[in-house]
Amino acid sequence: MFSAEVYHDRRRRLMNQIGSGLILLPGHLDAPMNYLDNPYPFRQDSSFLYFVGLDQPGLAAVLDIDSGVEMVFGSDPTEDSIVWTGPLPLLHQQVEQVGISRTQPIEQLPDCLRQARQQGRAIHYLPPCRPETTIQLHRWLNIPIDEIQSQCSHPLIRAVVEQRSIKSADEIRQIESAIEITHSMVRAAARVARPGVREYQVVAAVDHACRWRGGMPGFISIVTTHGEVLHNRVCNETLKAGDLLVCDIGGESAEHYTGDITRTFPVGGRFDSRQKDIYTIVYNAQRTAMATMRPGVEFREIHRLACVELARGLIAIGLMKGDPNQAVAAGAHTLFFPCGLGHMLGLDVHDMEGLGEDFVGYTGTIRRNPAFGFKSLRLAKPLEPGFVVTVEPGIYLIPDQIDRWQARQQCGDFIDFEALQKWRDFGGIRVEDVTLVKERGCKILGSEFASTADQLEELIQSEQAGTNCPF
Ligand code: GLY
Ligand code: MN
Ligand code: MN
């Protein structure tokens, strides 16, 4: 937990910006896996965590902007409940730690909100991502359940996004700690990824490294020999020498900031020449993007420059043809790179995406391009100092897409479909790091970590040296 002043200042800023009325911030409930007493590991709502800091289920905060009163609604442990949980601090003791002095039983929240509604006061709330929260809001606010999303407060979303987008020094330290945990997870993958091992065994080693350091994965680890499937979560394949293994991994820090790093390893320890060529193209695209990132530059332009670099490399090895800038203008590169270059990162791996991607990554004048290959660009607007953004180019050979494009001769001026046939089963390669936008450029967060093809081969060699045992 940060200091009470940090949470106090965040709430003050938020209230000043909204101006009047009430701000309602529901925390998460436990989410049942198959019945209520068998829940998924608890993960607090990220905006609740950001403004209220308390990391347990069943709480809600009300910030009364007009009176300045801040109140947390919840429950104290009971004689019965502590039989199951052991002794826990009382609610008023907990809220003191985050600079709040008033508490009330959660059962009184509907009355408090009813009174405010009867007085005609505005109640601002964020769009909920969980069904349980949607139902709570419906009951508390007497809003039809299918209008909960549409009646959420856009001024509140904008104010929250504005604050959460600029990371403080405390937050950067948390993200760096998450990245160190993530590095250990990637190293664990390098250690165990050998011929004969199953993908899920690599996942086990990766998740073990995270939990061993007190973290939890910030998202389901993506560990796959089918790297062309962007977020493949099926991991039953047995690794073979010559396979490429995409590992897209993130562990959470103590305060629930996450890492998000991808490395693609050659199973058996050595990239072959085609794999090294593609790896180097992807790596160059990442470094070209990072070299151009600085405040004021639109991230959609950074995305475009990375795409041009990918196209340049693919032209050099004969899979594309023509001029790289023209090829990108025609969208030809999207056959190989059908997604966005990166996204904000923080308490969420796609930070604040639950509040609406367009609020986070776009503006009134910078609108989402709905075309294939551009529509999943999550961040397009100009960068600002303090933004934390992933940079994650890739090249993906997706047989289904290749067949469809070839049948239509789509972008035939820029793609050599005949040459491409020999690459159908290549798979995919992605490299991803987390950057901080600084006054004059950007820097990769976390300590130095293997990222060129040669460094990855060295990493595998050093991690696997002298041991047959993955652990
Ligand atoms: N790990 C998911 C992503 O990179 O967006
Ligand atoms: Mn990412
Ligand atoms: Mn990732």
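Each ligand, and each atom within it, is numbered from 1 in the order the structure gives.
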Quick one: do Arg164 and Asp351 make a salt bridge, cutoff under 4.0 Å? yes

Geometric class of the Tyr279/Tyr283 ring pair [parallel <30°, tilted 30-60°, perpendicular >60°]: parallel

Carboxylate-amine/guanidinium proximity below 4.0 Å for Asp454 and Lys276: yes

To the nearest 0.1 Å, how far is atom 4 (O) of ligand 1 from its closest protein heavy atom, and which atom is that? Glu392 OE1, 3.0 Å

Tell me which N, O or S atom of Glu432 sits nearest to the Mn ion (ligand 2). OE2

If the cut-off is 4.0 Å to any non-hydrogen atom of Glu432, which atoms of ligand 1 fall inside it? 4 (O)

Ring centroid separation for His303 and Phe337, is it under 6.0 angstrom? yes

Angle subtended at the Mn ion (ligand 2) by OD2 of Asp260 and OE2 of Glu392, nearest 10°: 160°

For ligand 1, which atoms sit closer than 4.0 Å to a heavy atom of His343? 3 (C), 4 (O), 5 (O)

If the cut-off is 2.8 Å, does any N/O/S atom of His350 fall short of it from the Mn ion (ligand 2)? no

Answer key: the N, O or S atom of His343 nearest to the Mn ion (ligand 2) is NE2

Atom 5 (O) of ligand 1: nearest protein contact (heavy atom, Å): His350 NE2, 2.6 Å

N/O/S atom of Asp248 inside 2.8 Å of the Mn ion (ligand 2), strictly under: no

Should the pair Lys240-Asp243 be classified as a salt bridge under the 4.0 Å nitrogen-to-oxygen rule? yes

I want to confirm something. Looking only at heavy atoms, which of Thr258, Ile261, Ile220, Asp248 is nearest to atom 1 (N) of ligand 1? Asp248

Could you tell me how the ring of His333 sits relative to the ring of Phe374: parallel (under 30°), tilted (30 to 60°) or perpendicular (over 60°)? perpendicular

Can you confirm if the NZ or CZ of Arg10 lies within 45° of the ring axis of Tyr50 and under 6.0 Å from the centre of its six-membered ring? yes

